[in-house]
Amino acid sequence: MPEDHRLEKRSLELTDEMVVVEGVETDEELLLARDLANFFLKTFKAIRFYPADNPALQGFKDQLFKKFQHFLNKYPFFILQIGEFTLSFKERVLYENRDPKSSLAFLLYKDGLRELRFTRGLEEWEVQGLMEVIKRSETINDLEDDLVTLLWEKDFVHIGYLATDEFLEDTPILIPENVEQFRSKLLFKPLAHNVQVDLLDEEEADLDQLLAKNVIPTPTRDKDVYFLTSEELERLRGEVENETDPTSVFNAADILFEILGMEKEKDPFQVTANLLLKILDGLLTLGEFQRASDLLKRLYIMIKTYELQQWQVETLHQLIESAGDEVRIGRIGRILEGEQRIRLEEVNEYLLLLQQNSIKPLIKLLGELKNSKTRRVVCDALSEIGKNAIELFTPFIDDRRWYLVRNIVYILGRIGKEKALPHLQKAFNHEEIRVRREAVQALGLIGGPKAVSLLIKALADKDTRIRAMAAINLGKIGKNIGLAALLEVVQSKDFPKKEPAEMKAFFDAIGMVGSNEALPVLQPLLERKSLFGMTKKDEIRTGVANTLAMIGTPEARALLEKGCQSKEESLRSACQQALRNLSEKEPFI
Amino acid sequence: MAERPITKPDDHPTKMGMDFIVRFYRMLKGTTIYDRNNVVMDQYTYDCLQAINPIIQSEGHLSFKIVRDNCFFNHTKIQVRADIYPIYKSFLHEMRRRWVGEIEFDEEVSKEHLKDLAFLLSGLEENNESNYLYVKRQLELRGIGHIYVDKLEFFKDEEIYVDSEDQKRRSKEVYFKSINLVKEVMEGARQQKIVNIRKAKRLMQTAINVIMQDDSALLGLANIKNYDEYTFNHSVNVAIYAIALGLRVGIPKKHLAHLGMAGLFHDIGKTMVPKEILNKPGKLDPEEWESVRAHPVVGAEMVMKMKEWGELSTRMINGAFEHHLRYDLSGYPKLTRKRKLSLFGRIITLADFYDALGRPRVYNRFPYVSEKILGLMMERSGKDFDPILVKVFVNMVGIYPLGTLVLLDTNEMGIVIQAQEEPNLIDRPKVNLLFYKDGQYRKGRVIDLTEKDEATGQYKWTVVKTLDPNEYHINVAEYLI
């Protein structure tokens with residue numbers, strides 16, 4: 001197969017450690033074993049060489065599996081004997097490398113492995129798993145794990161091994177061979193009282209008495225009490241499944257909270273808090289935001305309801321702050337970008353629990369997130385968290401990423417502090433229309449005379465959409481000052497040249513203010529004979545009539561009713577329609 | 001990560017496979033008690049046929065193969081259910097002893113041919129690697145071409161130990177090495193030294209390998225209560241009971257190692273309780289008592305310092321923190337919030353209670369007999385202990401747990417050395433008879449209380465009552481090492 005050749009070539013000078021075995025040519029089993037061992041070595045080297053997701057690596061593993069299958073179809077076992085620096089098959093050395101750093105044999109040997117045995121029926125996941133184990137064994141913490149443990153945990157069916165653990169013993173341990181040796185190590189000194197009582201809930205309980213009254217008569221006829229019912233078996237199975245689920249490790253949080261509630265010493269309190277943070281990290285890594293929020297809420301409750309010392313409160317506060325530091329926010333970003341199934345309302349709940357220290361990293365994240373829905377979640381959270389810290393947002397108004405500026409403007413609007421206005425003014429002049437639009441919206445949310453004056457400026461923006469939006473926002477917050485500006489535009493001679501949507505926005509805005517002060521301007525507009533084409537005039541009339549309906553005062557209504565009597569048909573029909581609309585909206589008395 | 005594809009106990013092949021094992025094993029056991037034409041034997045064979053022929057009808061063949069600790073039924077690995085576990089284990093044991101690892105049927109089998117196979121298998125010599133050749137030849141001579149047997153694929157020096165002496169030797173090695181190791185690790189942790197967990201893990205793996213093979217040797221050794229320092233000895237016993245119980249409950253191998261570790265170090269917090277308090281012969285004052293009661297919390301904190309957070313450390317924290325909490329959440333430490341205790345924690349609580357009550361105490365240097373302890377556990381089941389786990393535990397150690405001194409209806413005395421795998425024979429364990437000679441008790445032969453008198457059909461021996469070994473100055477552990 002060409003694939004074969006390619007792999008063989010790519011493995012470069014990997015074969016120089018293979019020892020030439022004399023007489024190989026005459027023994028088919030040995031020949032195949034050598035070929036297999038050779039490829040085993042190549043695959044191992046490839047694993048060291050390539051990153052885990054490299055497709056070439058998969059090629060090696062597939063090929064290795066095929067070679068194993070080929071061998072095991074002919075012979076029931078393949079046994080690789082492991083020497084300190086050699087790998088052998090049937091006492092014939094196939095591989096030798098005496099450099100402890102690079103030797104595959106030494107890597108396997110050092111943890112006590114002496115033989116690897118592959119039997120017929122070997123499955124693909126086992127070959128993959130073995131390679132993973134070998135790779136992992138190079139980087140594990142050798143105070144906790146070793147290659148043999150990793151192999152054992154994999155529980156392969158068709159890969160067996162022989163291992164020795166004698167090297168682990170520093171001093172020989174006496175294993176009693178006979179009763180005398182055994183007796184010599186027995187300690188019959190009576191044990192302390194507490195050993196007895198700590199079995200029971202209360203100190204007072206008398207174990208002797210308790211046991212004395214519980215002598216069960218020798219076996220009961222009713223053995224059914226010892227049998228498990230099918231429901232019990234089912235429950236047991238469910239429990240085992242839950243408990244062995246990798247995420248069950250998060251349940252340790254319950255214990256940690258109990259410990260935090262009891263512990264009065266600084267060091268263990270801190271150790272426990274540190275572990276809780278690790279659990280939080282685990283939850284965030286998996287995108288378990290609901291559980292992460294629960295954890296933070298419990299911390300807040302603890303601070304509020306427990307009788308804690310100041311240093312304890314500080315430690316817990318630190319923990320909460322860490323929940324929103326740069327590292328964690330980065331983690332959240334990764335999961336938000338990478339996972340589709342994350343429930344954004346849960347993310348929002350978590351973010352809302354964070355402290356001000358999370359603002360900077362969250363803004364940074366905002367600059368990196370691509371999905372608009374997730375950005376929205378972050379913005380909403382920042383609007384809450386940042387209520388009293390707008391100074392942390394304002395520097396980003398100058399950011400070169402327009403979308404970030406837009407989000408910042410959005411947040412500032414939500415926070416609604418007048419202090420933000422000078423910064424919004426910058427956004428106001430931003431070349432990107434989406435930023436300007438957001439700024440207009442923000443001004444509408446913030447309100448106040450300064451916002452109004454900025455909105456008035458925006459009525460002259462070069463973009464029709466911005467002008468329309470400014471008008472609407474002015475209508476919302478502008479009151480009389482805003483109204484004057486709106487009316488001025490409406491009266492201008494360029495007004496009839498505007499897009500219908502913009503015109504409508506201006507009329508709606510005036511309607512929203514709902515003041516009779518607009519009437520002296522509106523009336524002539526309604527009644528004026530047009531110098532322009534019929535269409536434009538009709539549009540203005542309709543707009544004005546609707547505005548009067550929106551204003552809704554008796555005076556405004558009177559103007560409409562008067563219009564209904566007009567001989568001019570377009571005026572009449574505009575006023576009639578506006579009144580109809582008005583009566584539809586008014587409740588029936 | 002490449003992991004084994006998961007199969008569940010209610011998957012079809014597993015169900016059929018377990019059914020096959022239970023019936024085939026019963027038939028095999030029947031051959032040692034009944035003769036070929038006995039009605040009971042007929043029934044057993046008939047039952048077994050019901051598990052074989054329908055599969056051959058639908059699948060065309062039936063194959064059963066043992067690969068290391070696993071059984072494959074028509075090429076699918078069987079997942080064992082908790083209630084079938086003892087039978088499964090014994091069946092594997094019997095097949096291994098005979099060096100037969102594969103049985104295959106290519107066509108439907110007749111009752112007589114199946115009986116032929118059963119009697120051939122049960123009559124095989126133990127530990128003869130050539131047995132399969134003999135069975136093959138015999139089947140051929142009888143013209144049975146559609147039943148095929150093959151040798152066990154097996155490496156003698158692997159973690160499988162066929163021979164019972166070897167098993168015993170390995171068990172002892174694990175047991176005493178573990179005591180030493182617990183001491184080393186606990187002392188190290190107390191002095192805040194960096195602790196090497198790796199060795200403990202390796203030991204627990206060996207313990208699990210041994211227990212998976214046959215738990216009776218290690219459960220027997222758990223009768224030792226006062227070897228070297230109490231806490232260390234007790235810790236090892238708890239680990240053994242926990243692993244054996246976990247295995248029956250169906251906890252996978254990797255997690256059993258964690259359970260073993262959690263058992264081994266559940267009392268690690270005690271190393272921080274001053275020795276004067278731990279060894280104080282009189283009653284403890286409230287302050288001292290407080291210090292003792294803090295050990296679950298201290299233990300959990302020590303684990304946190306000792307180990308990086310992960311699955312293993314979580315289990316160890318569970319074991320340390322929860323082992324004095326009762327099923328109804330009474331006990332200590334007092335909890336502020338209701339929560340379900342972890343399965344591992346509940347297992348360790350049970351193991352801890354059982355072993356702790358069996359140790360010598362202040363006013364009486366001898367322990368309570370297991371029967372009383374089990375009685376107490378049954379009574380407190382549902383309040384102090386998880387009722388399902390209590391059932392599995394009693395099934396595991398038997399109504400007469402290993403090490404129980406019993407009086408038989410033949411007026412003989414003996415020590416229980418092995419429980420029966422069939423739950424309905426829970427009151428008929430294997431017993432090592434004791435006889436009194438030259439001022440001390442000596443070991444006699446081993447009898448099986450399921451044996452019946454052929455003439456009368458009655459059991460040859462029945463337990464009349466349990467005896468307190470202390471009254472007879474017997475330390476049962478000495479008969480079990």
Side-chain angles (χ1 to χ4, degrees), chain A residues 117 119 125 128-129 132 143-146 148-149 152-153 155 157 160 162 165 168 173 175-176 179 182 185-188 190-194 196 198-199 201 203 211 214-216 218-219 223 226-228 232-233 235-237 239-240 243-244 249 252 254-255 258-259 261-262 268 271 275 278, chain B residues 2 67 70 82-83 153 157-158 172-173 176-177 180 196-199 201-202 205 226-228 249-251 253-255 278-280 283-284 292 297 301 304-305 309 311 314 317 321 330-331 335-336 339 343 356 361-362 365 368 372 375-376 379 388 391 394-395 399 423 426-427 465 478 481:
Chain A
R117 294 139 167 186
T119 47
W125 72 269
Q128 299 255 14
E132 279 167 17
L143 282 174
E144 293 209 1
D145 276 315
D146 57 29
V148 176
T149 294
W152 185 89
E153 286 184 345
D155 199 14
V157 179
L162 174 67
D165 51 12
L168 288 166
I173 292 152
I175 314 284
V179 173
F182 174 65
K185 290 272 271 179
L186 290 183
L187 291 177
F188 267 114
L191 279 147
H193 186 70
N194 74 76
Q196 177 177 339
D198 73 7
L199 296 164
D201 303 344
E203 301 163 57
L211 281 163
N214 267 295
V215 180
I216 43 164
T218 335
K223 292 178 200 157
Y226 307 114
F227 293 134
L228 290 169
E232 287 174 328
L233 275 170
R235 234 168 72 199
L236 207 49
R237 196 162 70 86
E239 289 227 31
V240 171
E243 186 98 354
T244 50
V249 294
D254 286 330
I255 293 182
E258 293 291 348
I259 294 178
M262 287 182 252
V271 169
L275 187 51
K278 285 190 183 176
Chain B
V67 185
N70 307 281
D83 57 336
E153 283 174 12
D157 47 358
E158 215 173 323
K172 269 171 70 172
E173 216 173 276
F176 290 103
K177 275 186 181 175
N180 200 63
N196 189 333
I197 304 266
R198 168 184 170 197
K199 207 154 74 174
K201 273 191 172 174
R202 291 276 290 262
Q205 289 157 23
N226 32 32
Y227 191 84
D228 209 345
V249 162
I251 294 173
K253 208 168 149 185
K254 174 182 160 188
H255 298 276
L278 276 183
N279 299 327
K280 184 177 172 182
K283 277 208 164 195
L284 301 180
V292 173
V297 174
E301 289 166 350
M304 289 181 220
K305 275 196 202 169
W309 179 59
E311 279 188 60
T314 303
I317 290 172
F321 187 84
S330 62
L335 299 184
T336 54
R339 57 178 279 261
L343 177 65
R361 290 174 314 281
V362 189
R365 71 172 231 185
Y368 286 106
K372 282 187 187 177
L376 193 62
E379 193 193 89
I388 302 180
K391 278 191 183 181
V394 176
N395 272 318
I399 300 178
I426 196 166
D427 55 349
K465 63 171 185 173
E478 289 179 4
I481 56 162

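Naming convention: chains lettered A, B, ... in sequence-line order (proteins, then strands); numbering from 1 in each chain. Any value given below was found using the heavy atoms of this structure, including those in side chains, with hydrogens, waters and symmetry copies removed. These numbers were taken from a predicted model, which means no experiment stands behind them.
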Open item on the list: Return the CD to NZ distance between A:E153 and B:K201, rounded to the nearest 0.5 Å.
Closed with: 5.5 Å

- [ ] Check A:E258 against B:F321 and note the closest heavy-atom contact, atom names and distance.
- [x] CB-CZ, 3.8 Å

Task: Best-contacting candidate, B:L343, B:V394, B:I197, B:V67, against chain A by heavy atom pairs under 4.5 angstrom - done: B:L343

Open item on the list: Determine whether A:T149 and B:Q205 satisfy the following criterion, side chain to side chain contact (heavy atoms under 4.5 Å, CB included), listing intermediate values before the conclusion.
Closed with: CA-CA 8 Å; A:T149 294; B:Q205 289 157 23; 2.9 Å; yes

TODO: Kindly indicate, with the supporting measurements, whether the criterion side chain to side chain contact (heavy atoms under 4.5 Å, CB included) is fulfilled by B:I388 and A:E239.
DONE: CA-CA 11 Å; B:I388 302 180; A:E239 289 227 31; 5.8 Å; no

Open item on the list: Restricting to side chain to side chain donor-acceptor pair (under 3.5 Å), what partner residues turn up for A:E243, sequence neighbours left out?
Closed with: none

- [ ] Count the heavy-atom pairs under 4.5 Å between each of A:G261, A:A252, A:P268 and chain B, then report the option with the highest count.
- [x] A:P268

Task: CE on B:M304 to CG on A:L275, rounded to 0.5 Å - done: 5.5 Å

- [ ] Hey, could you give me the CG/CD1 distance between A:D254 and B:I317, rounded to the nearest 0.5 Å?
- [x] 12.0 Å

TODO: To the nearest 0.5 angstrom, please state how far the CZ atom of B:R198 sits from the CG atom of A:D146.
DONE: 4.5 Å

TODO: Would you mind checking which part of B:V249 comes under 4.5 Å of any heavy atom in chain A, side chain (CB onward), backbone (N, CA, C, O), both or neither?
DONE: both

Task: Option in A:V148, A:L236, A:V240, A:I255 with maximal non-hydrogen atom pairs under 4.5 Å from chain B - done: A:I255

